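Note sheet for the following structure.
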Amino acid sequence: MSREEVEAIASKLNYRHRDGTVVAVVQDARNGLVLMVGFMNRDAVVLTLTTGYVHFWSLSRRRIWMKGETSGHRLRVQSVYVDCDLDAILVKVVPEGPVCHTGHLTCFYRRIVDGNVWDYELGLKRGLERD
């Protein structure tokens with residue numbers, strides 16, 4: 001895709017969420033597992049589409065960052081989908097290592113079952129504290 005095509009696509013998205021972002025859902029292209037959710041501003045969308053690696057807008061640090069820029073666990077883009085309202089995108093990726101900062105394969109490693117929270121990767125009962 002040319003830079004002009006990428007810019008045209010990025011300009012049509014509805015950046016209506018906090019800090020002028022769209023919601024970005026990241027899914028493993030190989031098995032459909034939802035890996036993480038983040039936010040992308042226009043520049044992060046352009047970088048994601050032009051570099052082939054997922055970039056986000058950090059709401060807390062107020063800067064663009066590439067997933068894996070420090071860990072090396074980057075997310076290689078396979079395909080990108082846009083929702084009907086143009087305010088969210090789905091990025092199907094091949095992860096180059098664990099996605100969660102905790103070392104889990106996905107940020108969604110806790111499952112609620114019968115009022116309890118379980119770490120489904122480890123099979124352990126847990127609480128809902130932030131890691």
Side-chain angles (χ1 to χ4, degrees):
M1 199 175 340
S2 74
R3 180 72 180 209
E4 285 179 349
E5 291 168 322
V6 168
E7 293 284 348
I9 291 166
S11 69
K12 292 181 180 177
L13 296 180
N14 183 6
Y15 301 95
R16 69 179 188 89
H17 301 290
R18 190 169 150 198
D19 289 354
T21 58
V22 294
V23 173
V25 178
V26 179
Q27 182 181 37
D28 192 313
R30 301 164 301 179
N31 59 26
L33 185 65
V34 175
L35 301 173
M36 67 175 291
V37 175
F39 294 90
M40 291 183 181
N41 64 4
R42 188 180 191 287
D43 291 337
V45 170
V46 169
L47 283 167
T48 297
L49 294 174
T50 57
T51 66
Y53 288 94
V54 179
H55 289 72
F56 295 101
W57 173 255
S58 172
L59 298 176
S60 60
R61 294 175 287 185
R62 305 194 51 77
R63 71 171 184 88
I64 291 178
W65 61 284
M66 181 181 72
K67 179 66 176 160
E69 67 187 16
T70 55
S71 68
H73 301 160
R74 300 180 301 175
L75 300 171
R76 191 165 25 95
V77 175
Q78 297 300 298
S79 56
V80 179
Y81 298 78
V82 181
D83 81 327
C84 57
D85 294 324
L86 301 176
D87 66 350
I89 63 175
L90 169 65
V91 186
K92 293 191 178 189
V93 303
V94 174
E96 297 177 351
V99 173
C100 187
H101 72 280
T102 63
H104 287 82
L105 299 176
T106 170
C107 292
F108 296 95
Y109 59 89
R110 294 180 279 202
R111 182 176 176 192
I112 299 171
V113 180
D114 298 327
N116 294 301
V117 179
W118 292 86
D119 181 322
Y120 80 84
E121 286 182 15
L122 300 177
L124 300 174
K125 190 173 175 180
R126 301 184 49 133
L128 272 179
E129 299 80 30
R130 291 181 74 175
D131 288 334

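Predicted model only: the values in this text are computed from it and were never measured.
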request  = Given side chain to side chain contact (heavy atoms under 4.5 Å, CB included), test Val77 with Val54 step by step and report yes or no.
outcome  = CA-CA 7 Å; Val77 175; Val54 179; 3.8 Å; yes
request  = Tell me who clusters with Met66, hydrophobic residues only, linked when side chains sit under 4.5 Å apart either directly or through other members.
outcome  = Tyr53
task = Mind listing the closest non-hydrogen atom pair of Gly103 and Pro98 along with its distance?
result = O-CB, 3.4 Å
ask   = Any idea which heavy atoms bring Val46 and Ala10 closest together, and the distance?
value = CG2-CB, 3.7 Å
Partner set under side-chain contact (heavy atoms from CB on, under 4.5 Å) for Ala29, not counting sequence neighbours = Gln78, Lys92
inquiry  = Could you work out, with salt bridge (charged side-chain N to carboxylate O under 4.0 Å, His left out) as the rule, every residue matching Arg63, not counting sequence neighbours?
reply    = Glu69
ask   = So which pairs with a foot in residues 44-57 pass salt bridge (Lys or Arg N to Asp or Glu O under 4.0 Å), sequence neighbours left out?
value = none
Stepwise side chain to side chain contact (heavy atoms under 4.5 Å, CB included) check, Ile64 with Leu47 = CA-CA 9 Å; Ile64 291 178; Leu47 283 167; 3.8 Å; yes
note = residues 78-89 vs salt bridge (Lys or Arg N to Asp or Glu O under 4.0 Å), sequence neighbours excluded, gives Arg16-Asp87
task = Please name all residues satisfying side-chain contact (heavy atoms from CB on, under 4.5 Å) with Ser2, sequence neighbours left out, ordered by chain then number.
result = Glu4, Glu5
Distance, nearest 0.5 Å, that separates NE2 of His104 from CG of Leu35 = 13.5 Å
ask   = Where do Ser58 and Arg61 come nearest, in terms of heavy atoms and distance?
value = OG-N, 3.0 Å
inquiry  = Let me confirm one number: the CG-OH distance from Leu86 to Tyr15, rounded to the nearest 0.5 Å.
reply    = 10.0 Å
remark   = By salt bridge (charged side-chain N to carboxylate O under 4.0 Å, His left out), Glu96 pairs with (sequence neighbours left out) Arg74, Arg76
note = d(Arg110 CZ, Phe108 CZ) to nearest 0.5 Å is 10.5 Å
query = Pairs in or reaching into residues 56-96: which pass ring-ring contact (aromatic ring centres under 6.0 Å, His included), with residues at least two apart or in two chains?
reply = Phe56-Trp65
note = The side-chain contact (heavy atoms from CB on, under 4.5 Å) partners of Asn31 (sequence neighbours excluded) come to Asp28, Leu33
message = Once salt bridge (Lys or Arg N to Asp or Glu O under 4.0 Å) is applied, what residue pairs with a partner in residues 32-50 remain, sequence neighbours excluded?
response = Glu7-Arg42
task = Could I get the full list of side-chain contact (heavy atoms from CB on, under 4.5 Å) partners for Val25, not counting sequence neighbours?
result = Val23, Val34, Val37, Leu90
note = Between the OG1 atom in Thr21 and the CG atom in Leu13, the distance rounded to the nearest 0.5 Å is 11.0 Å
ask   = When rounded to the nearest 0.5 angstrom, what is the spacing between CD in Gln27 and OG1 in Thr106?
value = 10.5 Å
remark   = Value for CG (Leu49) from CE (Met40), rounded to nearest 0.5 Å, stands at 8.0 Å
From Thr50, Val80, Ile9, residue fulfilling side chain to side chain contact (heavy atoms under 4.5 Å, CB included) relative to Met1 = Ile9
request  = Sequence neighbours left out, what passes salt bridge (charged side-chain N to carboxylate O under 4.0 Å, His left out) with Arg62? Give chain and number order.
outcome  = Asp19
message = Quick one, Val99 with Val26, criterion side chain to side chain contact (heavy atoms under 4.5 Å, CB included). Give me CA distance, side-chain angles, the key distance, then yes/no.
response = CA-CA 10 Å; Val99 173; Val26 179; 6.0 Å; no
